[in-house]
Structure formats: C-alpha cells, structure tokens
Amino acid sequence: GDSVTQMEGPVTLSEEAFLTINCTYTATGYPSLFWYVQYPGEGLQLLLKATKADDKGSNKGFEATYRKETTSFHLEKGSVQVSDSAVYFCALSLSGNQFYFGTGTSLTVIP
Amino acid sequence: GAGVSQTPSNKVTEKGKYVELRCDPISGHTALYWYRQSLGQGPEFLIYFQGTGAADDSGLPNDRFFAVRPEGSVSTLKIQRTERGDSAVYLCASSPTGADTGELFFGEGSRLTVL
C-alpha cells in the first residue's frame, strides 16, 4: 500500500548546523509530496510541497526535491535556528482525499 | 481569520462511555478530514467529507466510530462504547477544495483519554 517512511528522531542540532531529515515513499501512482510541521502547542501546518518529479518545494529556508528515481523527498535546511524546533512530518497524497503521513521527526535546536 | 477549531481540547472518559468530538472548519472550506494520532505516530486517516457527504470513510476502524457533517460545515466525530485503545489525539483538518491542493489546515486536536 501507499506509505511514507521517515527518519526517526529525535534530532538535536546546534544553531546554524545543517539539517537533513530523510523521507522515502511507496506509492502505486504518482503522488504529491509534502512536509508538514508542528510547532509546540500548535496544529500541523504545511511547510512545503512538490507535485511532480524533480520539483523542488521551498519555504522558510527549507527545501525538498521530489526524486522519483530514489522515491525520496528529503528535507534540508542549511542553517537551523532555535525557532525551527518542532516535529516534522513527511506526507504523500495520490488523490487529495487521503494523505499518508510518516511517524514524524522531532527536531530540537540548541543555542 | 479564525482557523480550524476543535472542542473539547481534552476529554477524559471511562471505558464503555460515548464521546463526541466537534470540529469547526475554516469558513468556506468544503473538504473536511478527521485523523487520529497516537503517541509517537503520524496522523492516521479516518474519514473525509466533501460538503455534507462522507466521500471516503475507509479509515474508520470499526462501527463504533461514526462522523457527521449535516450542514456541510461543523462536523462531529462520535465514538460509542469507548475502549482504552481509542485513546489518542483526534485531529480535524479542512481544505478549500480537497483536490490535490495539499494545503490541509489542521486544528490543535482533541486529546481523548479512555480510562
């Protein structure tokens, strides 16, 4: 079935460090791919998305490229800040009806 | 404007009791989703409404779970004969159309604890 596997956490980084959170997917068709973020005490919110192969989604300094050949959508940021501390979820959607989420990766950035 | 509102934020109940969880989506959003999130897991799909009708209820775990959206706006998730395994955070999300936009707007969730 359709699913998402993402890097387990928790991840702890120092401020200004480089971040990568791995995400791979399994899908029967050509999904759209997403990263959602949940800041402490808030609901999930869309961080970025890519709807077809080789698309790059970007927002708030985060980037992810839709790689069909490796079925991956890894999240990266060149220099993390304390305010990036949150839980990050990779997700896919084939029809817009169902979204399949990964288990989430908790990121803590220390000053 | 107001985001997705869920009530109650916390609900503690006893095994076997009936529970209702309410979701008030963003005004004008036709698509509404219910998800369940257990500790350490990602959100798990339960049901999707387009307007008043349940377009996809394949994620409901069994017939103790039921959801309605009678006027195409507010939705209620109903759980009968609650079990300890139903303890989780129940998330509601809405979307302008629900068709490949990817922009789900989530509420903060209702945390259900079944003792």
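Residue numbers start from 1 in every chain, and the chains themselves are labelled A, B, ... in the order their sequence lines are given, proteins ahead of strands.
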Heavy atoms from other residues, nucleotides or ligands near [atom1] of [X] exceed 12 (cutoff 6.0 Å):
X      : atom1 : answer
F66(B) : CZ    : no
E71(B) : CD    : no
Y18(B) : OH    : yes

Tell me whether [Y] is reachable from [X] by hopping between hydrophobic residues (I, L, V, M, F, W, Y) whose side-chain heavy atoms are closer than 4.5 Å.
X       : Y      : answer
Y48(B)  : L46(B) : no
I21(A)  : Y39(A) : yes
L60(B)  : F49(B) : yes
F106(B) : L46(A) : yes
Y35(B)  : L77(B) : no

| said: Closer than 3.5 angstrom, by distance alone: can the side chain of Y100(A) be matched with the main-chain N or O of P43(B) as a donor-acceptor pair? | reply: no

| Aromatic centroids of F45(B) and F101(A) separated by under 6.0 Å | no

| remark: Under 4.5 Å to a heavy atom of chain A? For S58(B) that would be side chain

| message | At a 4.5 Å cut-off on heavy atoms, which part of Q37(B) comes close to chain A: side chain, backbone, both, or neither? | response | side chain

| message | Measuring only between side-chain heavy atoms, which start at C-beta, is L91(B) closer than 4.5 Å to L44(A)? | response | yes

| So, do Y36(A) and L104(B) sit near enough that their side-chain heavy atoms are less than 4.5 Å apart? | yes

| task | Mind checking the CD-CD spacing from Q38(A) to E108(B)? Nearest 0.5 Å is all I need. | result | 9.0 Å

| Taking atom CD of Q41(B) and atom CZ of F89(A), what is their separation to the nearest 0.5 Å? | 9.5 Å

| remark: Among residues 6-16 of chain A, those lying within the under-4.5 Å heavy-atom range of chain B are none

| Hydrophobic cluster (4.5 angstrom, side-chain heavy atoms) - remaining members for L115(B) | V12(B)

